Protein chains: 2
Amino acid sequence: MSTKPGARGAYHHGDLKAVLLDETARILKEEGEGALSLRNLAARVGVSRTAPYHHFKDKQSLLSAVGEEGFVRFNRAMLDSARRHKGAGPEQGLRAWVRAYVTFAVENSEYYDLMYGGRLWQSESLSNSLLGSARGTLRGNVERIRGAQDKGLYNRALDPVGFSHVAWGTLHGISRLFIDGVYTNNASRNRICDTAADMLWAQLAPR
Amino acid sequence: MSTKPGARGAYHHGDLKAVLLDETARILKEEGEGALSLRNLAARVGVSRTAPYHHFKDKQSLLSAVGEEGFVRFNRAMLDSARRHKGAGPEQGLRAWVRAYVTFAVENSEYYDLMYGGRLWQSESLSNSLLGSARGTLRGNVERIRGAQDKGLYNRALDPVGFSHVAWGTLHGISRLFIDGVYTNNASRNRICDTAADMLWAQLAPR
DNA sequence: AGGCGCATTTTGACGCTGTCAAGATTGAGT
DNA sequence: ACTCAATCTTGACAGCGTCAAAATGCGCCT
């Protein structure tokens with residue numbers, strides 16, 4: 001079948017779908033969203049202009065699929081980071097999480113743009129799995145906070161939902177300002193992340 | 001001259017430039033960025049497709065001009081809000097500021113998108129006046145914080161620059177999540193804003 | 001082994017887009 | 001009244017997303 005490529009990508013009939021997803025991400029990263037056209041993409045992959053339509057309903061749903069891949073990579077990156085700092089205390093863990101979030105967003109902006117760009121979330125397309133991924137991420141945060149509260153690691157008086165909304169806003173905002181080139185000094189990224197983490201910790205710290 | 005329209009917008013020769021700016025904003029608000037084409041715009045204004053090119057070098061510079069208008073309106077809205085809450089103490093003032101920022105962003109997203117969208121900030125276009133407006137806004141915040149620190153209203157130990165970066169990130173992030181439809185419950189906007197303000201105040205409060 | 005079916009890919013076409021070049025129109029200043 | 005420069009229009013071109021119909025060839029059944 002096509003969804004299970006035989007590892008060897010024999011072309012003419014092969015794993016076009018996966019190749020399209022990869023090449024799309026590459027184009028977005030190298031030349032930006034403006035340079036992405038289905039015709040260009042098809043040409044780069046060595047296939048005719050309408051071939052992609054047999055794997056994706058239209059351009060938007062190709063982008064949604066790339067966004068979904070973004071969620072997979074994002075979750076993987078967050079898990080990796082959590083594993084790397086498992087030993088650390090809650091405050092250091094928070095710092096690491098903030099840095100990991102913003103770093104992923106900035107260094108994989110071709111995915112991050114799609115994951116939380118308005119194009120996906122406003123229109124109807126919003127594939128259910130994508131919405132599931134996103135809501136899952138937020139819910140996961142809330143649950144993690146609640147768990148830490150129960151263990152006495154976090155301030156028990158804090159409303160986890162409200163706090164999560166604001167915390168996510170902070171990380172998302174910092175990420176976007178860097179991605180969009182409003183903040184241009186990448187060297188200061190970690191310092192800003194740490195400042196943000198301190199601010200969040202001031203709320204989270206048990207008292 | 002053309003920059004000083006004779007108030008009476010006699011058409012054939014008239015204040016086309018201003019009309020284009022207004023109509024662009026209207027289209028963006030009513031139908032979104034995807035629906036904006038120069039040809040469509042020209043038709044709505046009752047002029048031929050290439051007429052706009054005599055007032056704006058290309059589509060991007062039209063959008064930049066709308067973005068600049070956005071900065072004007074944004075600054076006006078912030079000043080209005082500040083005036084309305086002049087009597088209030090610093091904590092209430094902060095709350096009002098947070099609400100005013102996010103409210104402007106969400107309710108005037110057709111401008112806000114352009115003001116801080118990546119399209120303007122990454123490419124070369126970035127007209128100097130626009131960059132000036134934006135930097136001015138940030139610098140204004142920093143100065144305002146410094147001033148309040150000197151008067152003992154804010155915590156003197158806080159680094160105003162680092163704090164401003166994070167605070168702006170928070171407001172920007174919350175705004176974007178609402179604008180892009182990730183947060184959909186508009187009724188909770190003020191509650192989230194207040195939570196954010198509390199968190200910022202925890203840093204800002206003199207100790 | 002042979003042939004059929006169906007998923008996949010291609011070619012052709014349509015209307016829309018941004019933008020350039022060249023000509024037409026017209027208000028303002030002498 | 002006439003010119004000049006600003007403004008607007010018409011014509012044209014390449015590129016885009018997408019649909020419809022024709023071609024291709026892999027994998028399964030017998």
Side-chain angles (χ1 to χ4, degrees), chain A residues 1-24 27-28 31-67 114 117 119-120 123-125, chain B residues 1-24 27-28 31-67 114 117 119-120 123-125:
Chain A
M1 288 294 96
S2 65
T3 51
K4 291 269 188 215
R8 291 238 125 234
Y11 224 18
H12 208 216
H13 286 240
D15 51 354
L16 217 197
K17 185 166 184 172
V19 175
L20 287 173
L21 288 173
D22 280 5
E23 193 68 20
T24 299
I27 294 178
L28 288 176
E31 319 185 40
E33 174 162 7
L36 178 70
S37 80
L38 288 192
R39 299 168 104 107
N40 179 351
L41 169 65
R44 277 175 74 136
V45 163
V47 91
S48 120
R49 51 224 131 83
T50 59
Y53 282 88
H54 292 252
H55 300 277
F56 304 98
K57 172 174 152 288
D58 55 16
K59 189 179 186 180
Q60 179 54 53
S61 85
L62 164 66
L63 291 175
S64 293
V66 176
L114 293 172
R119 201 100 88 281
L120 298 212
S123 93
E124 74 315 323
S125 70
Chain B
M1 289 295 97
S2 65
T3 51
K4 292 269 189 219
R8 288 241 124 238
Y11 224 19
H12 211 215
H13 286 238
D15 51 353
L16 215 199
K17 185 166 183 173
V19 174
L20 287 173
L21 288 174
D22 280 5
E23 193 69 19
T24 298
I27 293 176
L28 288 175
E31 318 185 40
E33 174 163 7
L36 177 70
S37 81
L38 288 192
R39 299 168 104 106
N40 180 352
L41 169 65
R44 276 175 73 138
V45 163
V47 88
S48 119
R49 54 227 129 82
T50 60
Y53 282 87
H54 292 226
H55 300 278
F56 303 99
K57 170 174 154 292
D58 56 14
K59 190 179 186 178
Q60 180 53 54
S61 85
L62 164 66
L63 291 176
S64 293
V66 176
L114 294 172
R119 201 99 86 282
L120 297 214
S123 94
E124 73 317 322
S125 68

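Keep in mind that this is a model prediction, so the values were computed, not measured. Here is how names work: the chains are called A, B, and so on, in the same order as the sequence lines, proteins then strands, and each is numbered from 1.
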From [atom1] of [X] over to [atom2] of [N], roughly how many Å is that when rounded to an integer?
X: A:H55; N: D:dG17; atom1: NE2; atom2: P; value: 17 Å
X: B:K17; N: D:dT7; atom1: NZ; atom2: P; value: 10 Å
X: B:F56; N: D:dC8; atom1: CZ; atom2: C1'; value: 15 Å
X: B:K57; N: C:dT19; atom1: NZ; atom2: P; value: 8 Å
X: B:L20; N: D:dT7; atom1: CG; atom2: P; value: 12 Å
X: B:L38; N: C:dC20; atom1: CG; atom2: C1'; value: 14 Å
X: B:L41; N: C:dC16; atom1: CG; atom2: P; value: 17 Å
X: B:Y53; N: D:dA6; atom1: OH; atom2: P; value: 21 Å

- prompt: What's the spacing between A:L16 CG and A:H55 NE2 if we round to 0.5 Å?
  reply: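 If I round to the nearest 0.5 Å, the distance is 4.5 Å.
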
statement: In this structure, OG of A:S37 is separated from CD1 of A:I27 (nearest 0.5 Å) by 7.5 Å

message: So if I take every side-chain heavy atom of A:K59 and compare against D:dG17, C:dT11, C:dG18, which nucleotide ends up nearest?
response: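 The answer is D:dG17.
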
message: Nearest to the A:S48 side chain among C:dT10, D:dT10, D:dC8, which nucleotide is it?
response: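 The answer is C:dT10, which lies nearest to the side chain.
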
task: Look at the side chain of B:R49 and the base of D:dG11, then say whether one donor and one acceptor between them are separated by less than 3.5 Å.
output: yes

- request: Tell whether A:R39 reaches the base of D:dG15 with its side chain through a donor-acceptor pair below 3.5 angstrom.
  value: no

task: Mind checking side chain to side chain contact (heavy atoms under 4.5 Å, CB included) for B:F56 and listing every partner two or more places apart, or none if nothing turns up?
output: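 In terms of side chain to side chain contact (heavy atoms under 4.5 Å, CB included), with neighbours along the sequence ignored, B:F56 is linked to B:K17, B:L20, B:L21, B:S61, B:L62, B:A65.
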
Polar atom pairs (N or O), protein with nucleotides 22-24 of chain C, under 3.5 Å:
none

message: A side-chain contact here means heavy atoms from C-beta on lying under 4.5 Å apart; do B:E33 and B:L28 qualify?
response: yes

- prompt: Does B:Q60 reach the side chain of B:L120, with side-chain heavy atoms less than 4.5 Å apart?
  reply: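 Result yes, sub-4.5 Å side-chain heavy-atom pair found.
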
message: side-chain contact (heavy atoms from CB on, under 4.5 Å) for A:V47 and A:V19? Distances and angles first, verdict last.
response: CA-CA 11 Å; A:V47 91; A:V19 175; over 6 Å; no

query: Listed by chain and number, what are the salt bridge (charged side-chain N to carboxylate O under 4.0 Å, His left out) partners of A:E23, not counting sequence neighbours?
result: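 A:E23 satisfies salt bridge (charged side-chain N to carboxylate O under 4.0 Å, His left out) with A:R26, A:R44 once adjacent residues are dropped.
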
